[in-house]
Amino acid sequence: MADLIKITMPDDTEKEVEQNTKPIEIAESISPSLAKKSVVAKIDDHFVGMNEGIRFSGKFRLVTKGEDEALKVLRHSTTHLLAQALRRLHPKIHFGVGVAIANGFYYDTDDSDESEKQVAADEFPKIEAEMKKLVQANIPIQHQIVSRKEALKIFAEDPYKIALINDFPADQEITIVKQGDYTDLDRGGLVPSTGWIKHFALTSVAGAYWRGMSDNQMMQRIYGLSEWNPENLEAQKKALEERKERDHRTIGKQMELFFTNPEIGAGLPVWLPNGAAIRRTIEDYLVEKERQNSYMNVYTPVVSNLDLYKRSGHWDHYRDDMFPAMTADDGEQLELRPMNCPSHIEIFEHEPRSYRDLPYRIAEFGQMHRWEKSGALTGLSRVREMTLNDGHTVVAPEQVEPEFKGILQLIRDVYHDFGFTDQDYRFRLSYRDPKNTKKYYDDDAMWEHAQAALKRAMDDMGLDYFEAEGEAAFYGPKLDIQFKTALGNEETMSTIQLDFLLPERFDMKYTGEDGKDHRPVLIHRGVVGTMERFVAFLIEKYKGQFPTWLAPVQAVVIPVNYGAHGDYARNIYSKLMKDGRRIKLDNRDEKLGYLIRDAQVNLKTPYILVVGDQELRDNSVTVRFRGSDQTKEMKIDEFEEMINDDVANYSKGSEKVREMLNK
RNA sequence: GCCGACUUAGCUCAGUUGGCUAGAGCACUUCACUAGUAAUGAAGGGGUCGGAGGUUCGAAUCCUCUAGUCGGCACCA
């Protein structure tokens with residue numbers, strides 16, 4: 001007779017069942033519909049397949065369709081389905097690690113034992129067809145525990161699996177999963193049979209280093225989607241297409257914002273007039289905001305003596321990512337700056353400083369040059385020349401926390417003006433990697449102290465954050481503000497970095513109240529990171545439909561008939577331009593509908609001003625707001641008041657504008 | 001940098017297995033239309049097919065190298 005085990009149901013009732021009872025039996029005893037939608041079971045944190053025996057007592061739970069965890073199980077199961085199909089088509093193919101990810105799954109493959117060509121996307125239809133056959137066959141999926149020796153034997157032909165097994169701790173139980181003729185190493189969390197996997201698609205293939213280490217062999221990572229129902233799969237595919245419509249590279253072309261070309265050089269973007277208008281608006285806004293917060297705006301050279309970066313440590317840490325130094329005739333070595341903190345330190349050091357000068361705040365919109373690896377370059381998000389919204393404040397040690405809070409407040413004020421909410425971002429405290437302290441400034445006490453100070457400040461402000469080891473700069477820990485982009489990536493928007501190292505390196509000091517020299521702390525901060533990345537972010541966020549205050553062209557003036565109304569249109573154009581608005585006069589000899597369409601679709605301008613006989617007579621314009629087909633005739637002064645108000649409050653009143661038009 | 005794919009007019013894309021002066025739509029120019037809220041009609045100009053080398057009687061189509069772009073990986077002060 002089998003032993004009894006005790007399982008605790010989700011409602012806390014306890015049940016005694018025979019060991020090796022199958023979860024499906026328990027589910028069926030509760031209700032057939034539950035059994036039908038249960039994907040897998042869990043005992044405590046361990047997965048048990050629906051048709052596998054429960055071995056231990058513990059908390060019992062069924063994972064059912066509709067839960068996020070069930071979707072992960074499905075996607076994880078799809079990796080095995082893919083592998084089985086691939087093994088049939090490529091008998092000698094090897095597999096690395098396959099996992100479920102946010103929108104789907106991937107599996108790393110290596111077919112180099114079989115052919116010179118790795119699996120490529122043109123084979124997807126064939127692979128998908130093979131996967132469908134396996135689904136049709138509804139092959140059971142069963143786990144089994146094996147000894148290390150058995151496992152090594154089973155996977156003797158699979159070098160990557162052997163490597164995984166050899167890295168398992170000695171006491172780890174090894175489980176494998178059998179799916180017909182296919183066997184994989186697996187911890188559990190799979191659907192009962194291949195028939196459960198119905199709606200999937202392979203999407204792309206890309207290189208990926210084995211175990212994520214660039215010294216290792218490169219494998220082919222096959223990405224795919226997998227969903228419970230066809231609607232979700234279609235929605236996923238559609239989302240992939242919509243990404244392209246939002247992509248700043250696509251919109252950048254359409255709206256003529258910027259370009260790059262090989263003649264100028266890879267990763268060196270050129271800002272066209274429309275893009276430059278957006279950027280200039282943001283720069284002007286931020287310089288003014290910084291001024292209000294007691295920052296002094298400065299300019300420092302784009303090239304500096306290389307010794308400056310040797311002294312700062314940048315040369316040691318980032319030499320490979322810096323442009324090669326230029327050597328002048330007289331032997332002086334000049335370096336395109338990758339950062340401007342050393343120059344800002346020189347500004348602080350330019351005169352003796354007193355404690356009365358602190359916090360000493362300077363800021364600069366400066367162009368930085370970094371030798372980004374060719375494979376990393378992408379549109380405006382990753383470039384070799386970028387304009388950094390950089391600022392440095394020099395503080396006494398006891399001022400670190402209040403200054404940190406002040407900077408964070410400035411950042412949040414800016415977010416408010418741009419209409420970002422706390423749903424858009426999360427705070428990351430970035431610490432050094434405790435396992436690899438060699439990468440960083442060598443002073444354990446400093447690190448402990450600084451990391452604790454950041455944490456304390458965040459706790460004081462009552463802000464939620466997460467902690468990330470290994471993300472710190474070499475000179476100190478930092479707060480990074482991570483934004484979710486419209487395309488679903490996460491990137492650093494703002495950063496506040498504590499630095500105890502550079503003040504040492506540059507022997508920074510100020511005279512204290514006691515008349516003695518003291519060592520200050522340097523805080524690096526960026527409110528919007530680089531202009532390139534920030535504008536790319538905004539393009540994607542707004543899908544090119546910039547709020548009026550940022551729009552490259554805030555209104556287009558369209559004469560009904562250029563011959564008859566062109567002069568009047570030009571007058572309106574000139575008046576609004578003179579008053580500070582960005583206006584385009586469309587002087588093409590085209591029909592009204594055509595010009596309106598062009599302004600809406602391509603320029604995505606907020607306001608269209610149509611003028612014809614009637615407007616000429618009334619000294620007015622007929623206004624149409626982007627996204628609405630309502631029009632309203634108003635006096636020019638009236639319109640000007642409206643658009644100026646729109647700009648002045650960072651377009652937060654654009655709802656009001658629409659209401660006005662709808663009257 | 002690494003793996004893979006791609007690269008044809010300003011833009012978006014066609015161009016069968018290599019074979020006649022390389023195509024379309026949009027954009028641009030010109031002409032006609034006194035044009036009222038998401039594309040008026042007609043005509044015209046524009047590319048040697050990313051670059052270099054090679055195979056061939058013949059290459060946008062095949063091969064090699066190179067540059068750039070895209071999808072990822074690694075990197076990201």
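Just so it is clear: chains get the letters A, B, ... in the order the sequence lines come, proteins before strands, and each one is counted from 1.
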[X] side chain near [N] phosphate (N/O to OP1/OP2, under 4.0 Å):
{"X": "A:R382", "N": "B:A74", "result": "no"}
{"X": "A:S204", "N": "B:G72", "result": "no"}
{"X": "A:R319", "N": "B:A77", "result": "no"}
{"X": "A:K117", "N": "B:C3", "result": "no"}
{"X": "A:R597", "N": "B:U37", "result": "no"}
{"X": "A:Y440", "N": "B:A77", "result": "no"}
{"X": "A:R624", "N": "B:A38", "result": "yes"}

Spacing between [X] atom [atom1] and [N] atom [atom2], to the nearest angstrom:
{"X": "A:R221", "N": "B:G72", "atom1": "CZ", "atom2": "P", "value": "11 Å"}
{"X": "A:E590", "N": "B:G36", "atom1": "CD", "atom2": "C1'", "value": "15 Å"}
{"X": "A:E241", "N": "B:C70", "atom1": "CD", "atom2": "P", "value": "19 Å"}
{"X": "A:K439", "N": "B:A77", "atom1": "NZ", "atom2": "P", "value": "8 Å"}
{"X": "A:D598", "N": "B:C28", "atom1": "CG", "atom2": "C1'", "value": "13 Å"}
{"X": "A:D586", "N": "B:A27", "atom1": "CG", "atom2": "P", "value": "12 Å"}
{"X": "A:D108", "N": "B:G4", "atom1": "CG", "atom2": "C1'", "value": "14 Å"}
{"X": "A:F625", "N": "B:A38", "atom1": "CZ", "atom2": "P", "value": "17 Å"}

Between A:W271 and A:F258, how do the two ring planes meet: parallel, tilted or perpendicular, split at 30° and 60°?
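Tilted, since the angle between the ring planes falls between 30° and 60°.
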
Does the side chain of A:S628 come under 3.5 Å of the side chain of A:Q630 through a donor N or O and an acceptor N or O?
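Absent: no donor and acceptor within the cut-off.
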
Side chains of A:D480 and A:T492: donor-acceptor distance under 3.5 Å anywhere?
no

Among [options], which nucleotide sits nearest the side chain of [X]?
{"X": "A:R588", "options": "B:A77, B:C28, B:C3", "answer": "B:C28"}
{"X": "A:M322", "options": "B:C73, B:A77, B:C28", "answer": "B:A77"}
{"X": "A:K244", "options": "B:C13, B:C76, B:U37", "answer": "B:C13"}
{"X": "A:R249", "options": "B:G36, B:A74, B:G71", "answer": "B:G71"}
{"X": "A:L592", "options": "B:G72, B:A77, B:U37", "answer": "B:U37"}
{"X": "A:I596", "options": "B:G68, B:G36, B:A38", "answer": "B:A38"}
{"X": "A:A473", "options": "B:A77, B:C70, B:G36", "answer": "B:A77"}
{"X": "A:Y594", "options": "B:C28, B:A77, B:C13", "answer": "B:C28"}
{"X": "A:M218", "options": "B:C3, B:G71, B:U40", "answer": "B:C3"}
{"X": "A:D613", "options": "B:G36, B:A77, B:G1", "answer": "B:G36"}

Hey, do the aromatic rings of A:Y441 and A:Y475 have their centres closer than 6.0 Å?
no

Under a 3.5 Å cut-off for both contacts, is [N] paired Watson-Crick or G-U wobble with anything, and if yes, with which nucleotide?
{"N": "B:A43", "answer": "B:U29"}
{"N": "B:U56", "answer": "none"}
{"N": "B:C65", "answer": "B:G51"}
{"N": "B:C2", "answer": "B:G72"}
{"N": "B:G23", "answer": "B:C13"}

If you draw the axis of the six-membered ring of A:Y440, does the NZ or CZ of A:R432 fall within 45° of it and under 6.0 Å from the ring centre?
no

Measuring only the [atom1] atom in each nucleotide, how far is [N] from [M]? A whole number of Å is fine.
{"N": "B:A77", "M": "B:G10", "atom1": "C1'", "value": "39 Å"}
{"N": "B:G25", "M": "B:C6", "atom1": "P", "value": "28 Å"}
{"N": "B:G53", "M": "B:G47", "atom1": "C1'", "value": "23 Å"}
{"N": "B:C11", "M": "B:U69", "atom1": "P", "value": "15 Å"}
{"N": "B:U17", "M": "B:C62", "atom1": "P", "value": "9 Å"}
{"N": "B:G41", "M": "B:C26", "atom1": "P", "value": "9 Å"}
{"N": "B:U8", "M": "B:U12", "atom1": "C1'", "value": "12 Å"}
{"N": "B:A27", "M": "B:C63", "atom1": "C1'", "value": "37 Å"}

My understanding is that only one of A:F474, A:Y309, A:W371 makes a ring-ring contact (aromatic ring centres under 6.0 Å, His included) with A:Y318; could you say which?
A:F474

Nearest-nucleotide 5' precedence on RNA chain B, A:A564 against A:P338
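Going by which nucleotide is closer to the 5' end, it is A:A564.
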
Is any side-chain N or O of [X] under 3.5 Å from a base N or O of [N], one able to act as donor and the other as acceptor?
{"X": "A:K373", "N": "B:C76", "value": "no"}
{"X": "A:Q220", "N": "B:G72", "value": "no"}
{"X": "A:Y209", "N": "B:G72", "value": "no"}

Lys/Arg-Asp/Glu bridge criterion (N-O < 4.0 Å) met for [X], [Y]:
{"X": "A:D321", "Y": "A:R384", "result": "no"}
{"X": "A:R382", "Y": "A:E372", "result": "yes"}
{"X": "A:K92", "Y": "A:D113", "result": "no"}

